[in-house]
Amino acid sequence: MHEPVTISCTVNGRHYTRAVEPRRLLSDFIRHDLGLTGTHVGCEHGVCGACTVLLEGDAVRSCLMLAVQADGLSLMTIEGVASPDGTLHPLQAAFREQHGLQCGFCTPGFIMSILQFLGENPAPTDAEIREALSGNLCRCTGYVQIIAAVRQAAAAKAGAPGVG
Amino acid sequence: MKPPPFSYHAPITVAEAIDLLGRYDGDAKVVAGGQSLLPLLNFRLSRPAALVDINRIPGLDYIRADGGMLEIGAVTRHRAVERSAVVAAHCPLLAEAVRHIGHFQIRNRGTIGGSIAHADPAAELPIVLTALEGEVVITGPGGVRTATASEFFITLFTTSLGSDELVTAVRFPTLGPGTGSAFQELARRSGDFALVAVAAALALDEAGAVRWVRLALGGVDLVPVRAAGAEEFLAGKRPDAATLAEAAALVAGEINPESDLHATAEYRRQLAAVLTGEALETAARRAAEGGECGHA
Amino acid sequence: MRYIGERIPRVEDERLLTGRGQFVDDIPLPGALEGAVLRSEHAHARIVALDAGPALALPGVLAVITAADLGPALRPFPVMQQHPGLAACYNMAALADGVVRYVGEPIAFVVADNRYVAEDALELITVEYEALPAVASLEAALAPDAALVHAGAPGNLCGGFTQGAGDVDAALAAAPRILHQRLRIERGSAQPMETRAVAARYEDGQLTVWSSTQRPHRLRSIVAEFLGLAPEQVRAIAPDVGGAFGAKGNFYPEELLVPFAAMAIGRPVRWVEDRRENFLAMTQDRVQRFDITAGVDGDGRLLALKVECLHDLGAYAPYGFIPMVNIANHIIGPYKIPAIAVTLRGIYTHCTPTAAYRGAGRPQGVFAVERTMDLIARELGCDPAEVRRRNLIQPGEMPYDTGVSVGQSRLVYDSGDYPACQAAALAHLDYAGWRQEQGRLRAQGRLIGIGLANYIELASTEPFEGARLEATADGELIVRTGAGSQGQGHQTALAQIAAELLGLSLHQVRVEAGDTAGIAKGIGTFGSRTAILVGNAIRVAADQLRQQAIETAARLLWVSPQELEWHGGGVQRKDGGVQLMLAGLARAALDQGAPLAATHYFANPGLHTANGTHAAVVEVDGSTGVVRFRRYVVMHDCGIVINPLLADGQVYGGLAQALGGSLYERLVYDESGQLLTGSYMDYLLPTAAEMPDVELHHMESASPHTPLGVKGAGEGGSLPPYACIAAAIEDAIGVPVRALPLSPSQITALMRGEAMG
């Protein structure tokens, strides 16, 4: 049964049905079958975190899942984070203001991870931020300004209930 | 780094899964969280004819405590264990250890059964299972059996699990009053596999002496190991600093670590002693403070 | 409006933050095929036979390209930079022809419907190898009976050179004290988060190549030359590039294979390197071994420095001696060294070729001289900060002639106040306070160490870089340059320069970089050069554009140009009358048949010498060898800072990479030349949890060479941490640190007095 399997899933609120080969990685499905190329692929062995997406609200490595495993489930990718009118999410705005990105390749993975993290821990300490970020690799920034962006986003969230 | 071709099955009952495994006769791989298997597939280091995905089988995702035993269904995610008040109350050692598994994104997806079945000798859960003398619940064509850690872990990445068997749950005994436990590990970076990890559990008698102690270490052999010599040495003694230091030194002598890219065998011995000392000290303090049910 | 010096968030970010980046693998290319490279499994072998038949028979496979198929395109690529010392220089070709010289060397290129099938096909190609003996380390390559990587390079010697000033042997003979040490830095990898990627489309005689490259113009030249096309037929585009750090500056085999395949098959082809390939096939950094002899006086003043350096080139020398030249130049550092001789030899090994990585030899030059300062302090019983202070070049001595000649030119430092920089770093660190604290904690058995390292950073400004300014009819100014961004923020920083010089609003300026269709000539982004060269090219072109605009306005208004002036983003009458803004001027210029557009290629105006000081306090756990940072202070002087937000990012990023190279990252090859650390499980990039808190301060010693006063900023952060961290660990454990990287296991071994493995 290497034959394509038809799967359905919801990505960023939109419903998709596609036929996929069983071995197709979720990361390739999102990028190449759905055309959502904001999710990047950095290592394909689950370490770098560039391909992180939200699966039913949980941050997961899309390179460590098969597309068939997402059948019937709901995903969110970087394309679904900003408001439909284009307004940046406060976390995205914080990344911009603190210069939390340089090449921007790893950034979508960071954003998706931090969305879950700040959802569960809205007022993190620096040590908690560092630990939470340690599942995503960035080679440009040295993390200092990413940490600052997470601090800013947390403060923005605290100051504006309902945001995020 | 794309997986080789394979067939894919997503059974909805354990029986169906076991039947599929039997039909492939060792040529199928079970996938649950996939956090260890998918990298192997992407590197093409594993090339099964089929994957049997057990994520859609209802009833394998649960955390339950009764009769002095904490039982966790095989596809329960690490993250659920980490957040569980039941686990914190009934098996604080597990709650402490599970936070060391990878990063939270890995724990969101990785499962208890998968971690046990993968049998990485430096992985946290096999060490905890070894320390607590828990058991693996295995379902096969003939029904359900259980295996202790020493029965289950054969060698590096190898278990006694039959090709048509499935890990369906893992059981950890609850230690109860007068006991304490602690988990210590050191990794190169946050979230890496441990260079050495130590799980300690002990019980103190009314006089404050060690009634029993169990020490399990990972990263020092092909499977998680118990430090029997140190355990024997500690039994009946008061866990003062000098005694714990002596026990820790004994551990360094009774393990057989190997050198690799990240650490020499000699360093691992030293680390085992350091981490054992810290784990024992914490476990003894927790036991003296009232025991497992109290400090969650 | 003032923009230069302002902390302005980047204009490129919104796109990247919302998933609208366009990296090579994101570019829509309908009908594109995907490639995969068959790579050598042996470090050294003869290819006896290759059978691609079963692979070609696999459904979905369109081609398997082997060396025999390449025809005239099969020959070594040109070497990046010639050097008189390159006695036996060999570069790679698109595919190995008969002999493979490192694990990962390309042997064949598969093109298929998708990458999954392409990888299936790789497994169906059978290669019969005759394994040959391999030399996988400097020591093995230099052994008397060593196998040769290239028959034409006896002793595996590519060549070498000596650079210096004064009579070093005489100065050593006269020096009161002679000190020796041997230092070593192991192999590392740049590891940009985006791997390399190439796509190509050939349509109507026009070839378009997208590549994750730092040098699109060089790519175009080589592709055109090797594929027999005129340069005008080839357009090379570096779109969004996901980090490069020097390693994407090389011209790689896949950059020829992909366009070759696209032309041969007649469909677009894309190849995206996977991480396993990236570890094997992207150029790496170092090994270097330094033998250092220092002659000093009783006060710790360096009188003579003799350095012999062996540099592991790997199997080829695509960059010639570029990292070696940088090593030699940066060993001098901010110090007055009356007599110096640095001899470097480039050695071939059967490992992946080494080339440029963040600093391209500069960090190791800094490591060599800074470890020497600490050696002097240790041997003379002096304070390491004081030893450095006594040797520093004084601000009154600027411009400072080192006496060292490189080729036709002399190494002359342009500006900087090195003593003030070091003093500021020490003050911010509270050096004196920490020395006391160190003693107090040591009495409790805790191992605190303080490390310090100074550096200078010479930007790579040869030969030139250009900028083309175009005013559009809707009032936009487009800045085009061949120097693309790999994350540095050119779209913002260059726009700041253009907007300020022309009095425009920042959002009027759009920077388009890295496309050969945008500007005729270009070199690329590397060596901390863009602000200096492109910044000043913009400055000169802006002067021209301003003049053109005034002439346009003069024709329009029937007045003499002398009656007009540039003011506030447009042209106005000097008497305060009519003002014409950019849009109107651009339209008028178009109407007049002379569009407002100016191009300038700014040539190397002389050496730009950025500098800085890093100071760290570490605590080493005596029982585990784990290093924890208590403080990390950076003083950074890159001249005039265009955008401090971005400059900070460059420093932090460079520091993190050097932290990796000091404590975590090491490429390990076994004796047979197999890479043992070819994944992120074993090659450990620092995460946010490992990065210290950094206190960063800027000084601004303007370069006198240009009115902008800028210097290089891209690499400074990565130069001194190796030396600084080694010094801090050494100070903590009281045992000399002579090699990096150091793991906790190795630090523990040092503390036990064992030789390092």
Side-chain angles (χ1 to χ4, degrees), chain B residues 1-6 35-36 38-45 47 99-100 102-106 120 122-123 184-198 219 245 248-249 252 257-278 281, chain C residues 34 36 58 112 114-120 122-123 195 272-279 621-627 659-660 663-670 675-691 741 743-752 754 756-757:
Chain B
M1 287 179 61
K2 308 299 182 189
F6 47 75
Q35 303 300 284
S36 300
L38 264 289
L40 294 173
L41 291 172
N42 291 357
F43 276 113
R44 299 198 177 204
L45 295 171
R47 41 180 72 247
R99 283 191 282 271
H100 290 277
H103 301 96
F104 78 87
Q105 300 90 338
I106 299 295
D120 188 309
Q184 287 286 340
E185 73 169 54
L186 187 78
R188 289 292 305 273
R189 295 172 306 178
S190 169
D192 281 343
F193 272 101
L195 294 171
V196 175
V198 179
E258 289 194 359
S259 296
D260 65 15
L261 294 170
H262 299 298
T264 62
E266 194 52 35
Y267 178 73
R268 282 196 161 86
R269 278 183 205 282
Q270 176 171 330
L271 205 52
V274 171
L275 297 175
T276 299
E278 291 172 0
E281 191 193 325
Chain C
E34 292 195 271
L58 187 71
N114 63 57
R115 175 76 184 205
Y116 290 76
V117 175
E119 290 191 21
D120 295 344
L122 292 183
E123 298 182 330
T195 53
V272 180
E273 184 179 54
D274 65 32
R275 189 55 65 179
R276 171 167 46 188
E277 292 181 279
N278 181 262
F279 271 105
D621 184 325
S623 63
T624 63
V626 170
V627 177
L659 171 73
L663 297 178
Y664 300 100
E665 300 174 32
R666 180 181 173 185
L667 292 172
V668 181
Y669 282 87
D670 72 10
L675 180 64
L676 303 180
T677 50
S679 83
Y680 282 158
M681 304 300 285
D682 287 313
Y683 190 82
L684 309 178
L685 302 186
T687 77
E690 282 72 52
M691 185 69 181
S743 67
S745 177
Q746 289 167 313
I747 291 170
T748 302
L750 281 178
M751 287 192 281
R752 284 206 202 100
E754 294 163 14
M756 267 185 54

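Within every chain, numbering begins at 1; the chains are lettered A, B, ... in the order of the sequence lines, protein sequences first and strands thereafter.
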Taking C-beta and beyond as the side chain, do C/Val117 and B/Lys2 meet within less than 4.5 Å on heavy atoms?
no
Gap separating the CZ atom of B/Arg189 from the CG atom of C/Leu663, nearest 0.5 angstrom:
12.5 Å
Examine whether an atom of C/Thr748 lies under 4.5 Å from a heavy atom of chain B, and if so say whether it belongs to the side chain, the backbone or both; otherwise answer neither.
side chain
Is chain C contacted by the side chain of B/Phe43, its backbone, both, or neither, given a heavy-atom distance below 4.5 Å?
both
Partner chain C: residue of B/Leu261, B/Leu195, B/Leu271 with the largest heavy-atom pair count (under 4.5 Å)
B/Leu261
Between the CZ atom in B/Arg268 and the OG atom in C/Ser745, the distance rounded to the nearest 0.5 Å is 8.0 Å
What distance do C/Asp682 atom CG and B/Phe193 atom CZ have between them, rounded to the nearest 0.5 Å?
11.5 Å
Test side-chain contact (heavy atoms from CB on, under 4.5 Å) applied to B/Ser190 and C/Glu690, step by step:
CA-CA 8 Å; B/Ser190 169; C/Glu690 282 72 52; 3.8 Å; yes
Count the heavy-atom pairs under 4.5 Å between each of C/Arg752, C/Glu277, C/Arg275, C/Met681 and chain B, then report the option with the highest count.
C/Arg752
Charged N to carboxylate O below 4.0 Å: is that the case for C/Asp120 and B/Arg44?
yes
First locate atom CZ of B/Arg188, then atom OG of C/Ser743, and finally report the distance between them rounded to the nearest 0.5 Å.
5.0 Å
Check this for me, if you would: do B/Arg47 and C/Glu123 make a salt bridge, where the nitrogen-to-carboxylate-oxygen distance has to be below 4.0 angstrom?
yes
Pick one of side chain, backbone, both or neither for B/Asn42, based on which atoms fall under 4.5 Å of a heavy atom in chain C.
backbone
Could you grab the distance from atom OG of C/Ser623 to atom CD of B/Gln270, nearest 0.5 Å is fine?
7.0 Å
B/Pro39 portion near chain C, given a 4.5 angstrom heavy-atom threshold:
neither
Donor-acceptor pair, C/Glu119 side chain versus B/Pro4 backbone, under 3.5 Å?
no
